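A quick write-up on the structure given underneath.
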Number of protein chains: 2
Amino acid sequence: MLDSTFPEVRSLDLFADMSDESYAKLMRGAYLQTFPPHVDLITEGEEADFLHVLVLGSVDLFSSWNNRETSVSIVKPVSTFILAATIRDARYLMSARTMEKSRIVMIPSQDVREIFDLDAGFARAVVVELAACYRSVIKTTKNLKLRTALERLANYLLSRSKDHNGAQHFALDLEKRQLASVLGMTPENLSRAFKALQAYGVAVSGENVELSDITELEKFAKPTTLIDDNQT
Amino acid sequence: MLDSTFPEVRSLDLFADMSDESYAKLMRGAYLQTFPPHVDLITEGEEADFLHVLVLGSVDLFSSWNNRETSVSIVKPVSTFILAATIRDARYLMSARTMEKSRIVMIPSQDVREIFDLDAGFARAVVVELAACYRSVIKTTKNLKLRTALERLANYLLSRSKDHNGAQHFALDLEKRQLASVLGMTPENLSRAFKALQAYGVAVSGENVELSDITELEKFAKPTTLIDDNQT
DNA sequence: CCAGTCACTTGATATTTATCAAGCGTCTAT
DNA sequence: ATAGACGCTTGATAAATATCAAGTGACTGG
């Protein structure tokens, strides 16, 4: 299904270190598909038949219980989702929907498990990716359990600022309702939280954020690499 | 350091599928050590020099920020901790301390990474373990974001009941203060939550729990395998 | 251009959760 | 035995967060 006309996939970290032969095998049953915005890709509880790799766009991983819903994380290119379910041949723990137009590679889970045993380079890449995912969720848990909503928002803003080379001004990359869900609060509360952070030099207008006193904001937010750093 | 006098280690899921040669290499630099209760094993932020495997006892993985502290999870035998940090050669995201007398295998991280590349059976076992850890934290996150403290406690009790073959009566395996921290609430609140659950047939005396109406409690708690099941 | 939709905001209020202070009961060490 | 320590509980209160109900403003489709 997938051939060399998609070098973008081959060069992803996850596939870069494997043999051509393994790659060919892996891709034999794979699809590369483009989805419009707001399309449901996966529903939690289903069997994990495919490993998904997001090549372009963005995907919301969310979960529901008892009529409540929450965003567990937002996936940006290039990353996999549903890797753990694929490995364990288990059911999805989260649902997924596209947030914008997205290009996604879908690889049959069984092939992933098969090639994992055959190709050490791929195995290493899978483990490294999975470990990164694990550490990211641990950080989320710490963020939720150790901080108030206001503190989470403050640190989120500082984090985004760092993503923009420490810029004082940048645009939110999420709708506010979406951001509220990611941060574990209601949209109403997010509005009030933004207002409360005015005291630390935060100004928001639409999607535009201005941090006029990053030092003061940091004094309040107390960011730490052990929670707020995406890389380590 | 470790030889065949510790068959308990060799037969762990993590090590069972590897060659004798790889196992020998892996254990060359390893220690098997017994720690007394309430000993700090690891401090978050340090380099992950060793992979830890808990063979006996129990270990608290906790984290601190801004003078607050929370239990992220309790590790019971047989499982690893710090696996993700070892894989990524990164810093620990959590601190660890023994809760009771515990026997722990410590394997130099570098050896783990080396043998991972050499032994496919070990690689598979590492990935399966890591995927299980990942899914477990995802469930924790969903639990925290989708449920109130009362709902978390109710589901925790139902979960423990299932661990005891659905028994109506069982003993808590954690101190209440510890349990409160795991569930993301204060000890005071846990006390009140237990009282509030009396309405659903929950009675607690010391460490003894009696669930006199599991059906009613389930109607309130709405447990789901996608959050509350340890296995899948 | 206008009406409608929709995300966001704001205010009032309720619920949930934490904090502080005190008290209770059990265990332990002298 | 008894004093203290300690874990737990309880009550009073405060803080954090959610809910409900309007309202605003921007974009969109006819």
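Quantities reported herein were computed from a predicted structural model and do not represent experimental measurements. Letters A, B, ... are given to chains in the order of the sequence lines, protein chains preceding strands, and every chain is numbered from 1.
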Query raised in the report: So does E69(A) pair up with R97(A), basic N to acidic O under 4.0 Å?
Result: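 Salt bridge: yes.
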**Report entry** Side-chain ion pair, R68(A) and E151(B), N-O less than 4.0 Å
**Finding:**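 Salt bridge present between R68(A) and E151(B).
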So does [X] get a side-chain nitrogen or oxygen closer than 4.0 Å to the phosphate oxygens (OP1/OP2) of [N]?
| X | N | value |
| --- | --- | --- |
| S191(B) | dT10(D) | no |
| K195(A) | dT10(C) | yes |
| N189(A) | dA18(D) | yes |

[X] [atom1] - [N] [atom2] separation (whole Å):
| X | N | atom1 | atom2 | answer |
| --- | --- | --- | --- | --- |
| F194(B) | dT10(D) | CZ | C1' | 16 Å |
| M185(A) | dT17(D) | CE | P | 7 Å |
| L190(B) | dT19(C) | CG | P | 15 Å |
| L144(A) | dA16(D) | CG | P | 17 Å |
| R192(B) | dC8(D) | CZ | P | 15 Å |
| R177(B) | dC6(D) | CZ | C1' | 9 Å |
| R147(B) | dT15(C) | CZ | C1' | 19 Å |
| K145(B) | dT17(D) | NZ | C1' | 15 Å |

Query raised in the report: So what does T148(A) hit on the nucleic acid, given a heavy-atom distance under 4.0 Å: a base, only sugar-phosphate, or nothing?
Result: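 Touches sugar-phosphate only.
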**Report entry** Pair Y134(A)-Y134(B), ring-ring contact (aromatic ring centres under 6.0 Å, His included): steps then yes or no
**Finding:** CA-CA 5 Å; Y134(A) 173 79; Y134(B) 173 79; 7.5 Å; no
Query raised in the report: Would you say the side chain of E188(B) and the base of dC20(C) hold a donor-acceptor pair, judged only by whether the two atoms sit under 3.5 Å apart?
Result: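 Donor-acceptor pair under 3.5 Å: yes.
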Query - Whether over 12 other heavy atoms sit under 6.0 Å from D13(B) CG - result: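 12 or below, so no.
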Query raised in the report: Does NZ or CZ of R103(A) come closer than 6.0 Å to the centre of the six-membered ring of F35(A), within 45° of the ring's axis?
Result: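 Not satisfied by the 6.0 Å and 45° rule.
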Query - Comparing G206(B) and T186(A) on DNA chain D - which has the more 5′ nearest nucleotide - result: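 Per heavy-atom nearest nucleotide, the more 5' residue is G206(B).
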Requested in this report: Tell me which nucleotide among dT19(C), dG11(C), dA7(C) gets nearest to the side chain of E175(A).
Outcome: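 So the nucleotide nearest the side chain must be dA7(C).
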